Amino acid sequence: DVFTTKKVGTNWSVAKNIGTSVNTKFNDSNLALSADSKTLFLYKDEGNGDIYFSDRQPDGSWSMPKSLPGAINSSYRESSISVSRDGKTIYFASERPGGLGGSDIFVCTKDARGEWSNPKNLGPGINTDLDEDAPFIDYDGQTLFFSSHGRKGMGGYDIFKSKLTNAAKNEWSEPENLGYP
């Protein structure tokens, strides 16, 4: 289940269940919260694993989760998501065909009508023939943090960062391993 807590001064309040509009008797997992804290992104085990969203209501409650629209979810596993500060770009991990192998990181942008573009693979500058997961786009909109099992590192899923060098061509700097610790 998903829980919430609020920071009061230097302390956190006791965690509370977010409620039955979001939580079910199955696995419910939060993935990300939009910068304005109005949209909660969730992982659900449906469709081999899909990404859902829930909107904060004026009374502070959350709407029933809905599957992300467009071609973001597929019949393959989508496991994690990050949304840009302005809410117009999302980065997510997917095992869909058309990747370089395993789980890859994709990007979608929102057009003027509020519709998401078709997913675009970030390519070999970010993705490898093994798994990439857990993207996080910094609030600068240019720095991507992600985990990779296919890049040289200490083993397992090391954390890397890369800077967007050319948005029009989807080009990124060579990923840098953040290293120990």
Side-chain angles (χ1 to χ4, degrees), residues 1-7 12-57 59-99 101-110 116 119-122 126-128 130-139 143-151 153 155-161 178:
D1 279 354
V2 178
F3 287 76
T4 62
T5 182
K6 292 185 180 183
K7 192 170 187 180
W12 289 94
S13 66
V14 174
K16 294 180 182 175
N17 190 297
I18 200 168
T20 56
S21 62
V22 171
N23 290 323
T24 66
K25 63 181 181 176
F26 302 105
N27 178 36
D28 300 296
S29 176
N30 60 311
L31 296 175
L33 184 65
S34 62
D36 64 7
S37 72
K38 292 181 180 178
T39 306
L40 177 65
F41 295 90
L42 304 149
Y43 173 84
K44 293 200 174 271
D45 287 331
E46 297 175 21
N48 285 329
D50 284 339
I51 301 170
Y52 282 67
F53 72 98
S54 176
D55 293 317
R56 187 187 302 265
Q57 304 302 298
D59 67 359
S61 66
W62 293 90
S63 67
M64 294 292 288
K66 298 177 193 158
S67 179
L68 279 175
I72 297 165
N73 288 316
S74 69
S75 60
Y76 296 85
R77 183 172 181 259
E78 283 73 41
S79 57
S80 54
I81 190 170
S82 181
V83 60
S84 63
R85 187 176 192 172
D86 65 5
K88 294 181 180 178
T89 306
I90 58 171
Y91 296 86
F92 66 99
S94 176
E95 295 176 357
R96 69 185 61 216
S103 177
D104 280 2
I105 298 175
F106 291 78
V107 63
C108 289
T109 55
K110 193 180 276 190
W116 291 107
K120 184 174 185 180
N121 188 296
L122 291 189
I126 299 295
N127 295 309
T128 68
L130 297 176
D131 293 325
E132 279 67 42
D133 202 353
F136 175 79
I137 190 68
D138 196 350
Y139 287 149
T143 308
L144 180 70
F145 295 88
F146 64 98
S147 294
S148 177
H149 195 258
R151 296 188 169 277
Y157 282 100
D158 285 19
I159 301 172
F160 292 82
K161 90 174 177 180
L178 294 188

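Given the structure is predicted, the values throughout are model-derived calculations rather than measurements.
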**Report entry** Any side-chain heavy-atom pair of Gln57 and Ser21 under 4.5 Å
**Finding:** no

Requested in this report: Using the six-membered ring of Tyr139, assess whether NZ or CZ of Arg85 lies under 6.0 Å from its centre and within 45 degrees of the ring axis.
Outcome: yes

Report summary line: Exactly one of Val107, Asp133, Leu68, Ile81 clears side-chain contact (heavy atoms from CB on, under 4.5 Å) with Phe92, and that residue is Ile81

Report task. Could you tell me the separation between the OG atom of Ser74 and the CD atom of Glu95, rounded to the nearest 0.5 Å? Result -> 9.0 Å

Query raised in the report: Does the side chain of Asn73 reach to within under 4.5 Å of the side chain of Ile51, using non-hydrogen atoms?
Result: yes

Query - Spacing of OH belonging to Tyr52 relative to CG belonging to Leu31, to within rounding of 0.5 Å - result: 12.5 Å

Query raised in the report: Taking it one step at a time, do Asn27 and Tyr43 satisfy side-chain contact (heavy atoms from CB on, under 4.5 Å)?
Result: CA-CA 8 Å; Asn27 178 36; Tyr43 173 84; 4.2 Å; yes

Query raised in the report: Hey, is the main chain of Ser34 close enough, under 3.5 Å, to the side chain of Thr39 for a donor-acceptor pair?
Result: no

Query raised in the report: Between Thr128 and Arg151, does a side-chain contact (heavy atoms from CB on, under 4.5 Å) hold up when you go through it step by step?
Result: CA-CA 7 Å; Thr128 68; Arg151 296 188 169 277; 3.7 Å; yes

Requested in this report: Supply the atom-to-atom distance Asp1 CG to Thr24 OG1, rounded to the nearest 0.5 angstrom.
Outcome: 7.0 Å

Requested in this report: Nearest 0.5 Å please: distance from the CG atom of Leu33 over to the CZ atom of Phe53.
Outcome: 14.0 Å

Query raised in the report: Can you name the nearest heavy-atom pair linking Trp116 to Gly87, along with the distance?
Result: CH2-O, 3.6 Å

Query raised in the report: Short question: side chain of Ser54, backbone of Ser63 - any donor-acceptor pair under 3.5 Å?
Result: yes

Query raised in the report: Does the side chain of Ile126 come within less than 4.5 Å of Leu144's, by heavy atoms?
Result: yes

Query raised in the report: Taking atom OH of Tyr76 as the centre, does the number of heavy atoms from other residues, nucleotides or ligands within less than 6.0 Å exceed 12?
Result: no

**Report entry** From CH2 (Trp12) to NZ (Lys7), nearest 0.5 Å
**Finding:** 6.0 Å

Query - Contacts of Asn121 that satisfy side-chain hydrogen bond (donor to acceptor under 3.5 Å, both in side chains) - sequence neighbours left out - result: Asp104, Asn127

Query raised in the report: Heavy atoms, side chains only, cut-off 4.5 Å: are Phe26 and Asp45 in contact?
Result: no

Report task. Determine the minimum heavy-atom distance between Arg96 and Ala71, stating which atoms define it. Result -> NH1-O, 3.0 Å

Requested in this report: Classify the ring geometry between Phe145 and Phe136 as parallel (under 30°), tilted (30 to 60°) or perpendicular (over 60°).
Outcome: tilted

Query raised in the report: Which value, rounded to the nearest 0.5 Å, describes the distance between Leu42 atom CG and Ser29 atom OG?
Result: 8.0 Å

Report task. Flag the pair Ser148 / Leu130 as yes when at least one side-chain heavy-atom distance between them is below 4.5 Å, and no otherwise. Result -> no

Query - Steps toward side-chain hydrogen bond (donor to acceptor under 3.5 Å, both in side chains) verdict (Ser13, Thr5) - result: CA-CA 5 Å; Ser13 66; Thr5 182; 3.1 Å; yes

Query - Chi angles and distances behind the side-chain hydrogen bond (donor to acceptor under 3.5 Å, both in side chains) call for Asp50, Ser67 - result: CA-CA 7 Å; Asp50 284 339; Ser67 179; 5.0 Å; no

Query raised in the report: Between Asn30 and Phe3, is any pair of side-chain heavy atoms under 4.5 Å apart?
Result: no

**Report entry** Heavy-atom donor-acceptor pair, Ser82 side chain to Tyr91 backbone, under 3.5 Å
**Finding:** no

Query - pair Arg77-Ser103: side-chain heavy atoms closer than 4.5 Å - result: no

Query - Side-chain donor/acceptor of Asn17 to backbone N/O of Gly19, under 3.5 Å - result: yes

Report task. Output, in order, the C-alpha distance, side-chain angles, deciding distance and verdict of side-chain contact (heavy atoms from CB on, under 4.5 Å) for Lys44 and Asp28. Result -> CA-CA 6 Å; Lys44 293 200 174 271; Asp28 300 296; 2.7 Å; yes

Query - Leu40 vs Arg56 side-chain heavy atoms within contact, under 4.5 Å - result: no

Report task. List the atom of Asp86, the atom of Ser84, and the distance in Å for their closest heavy-atom pair. Result -> OD1-OG, 2.6 Å

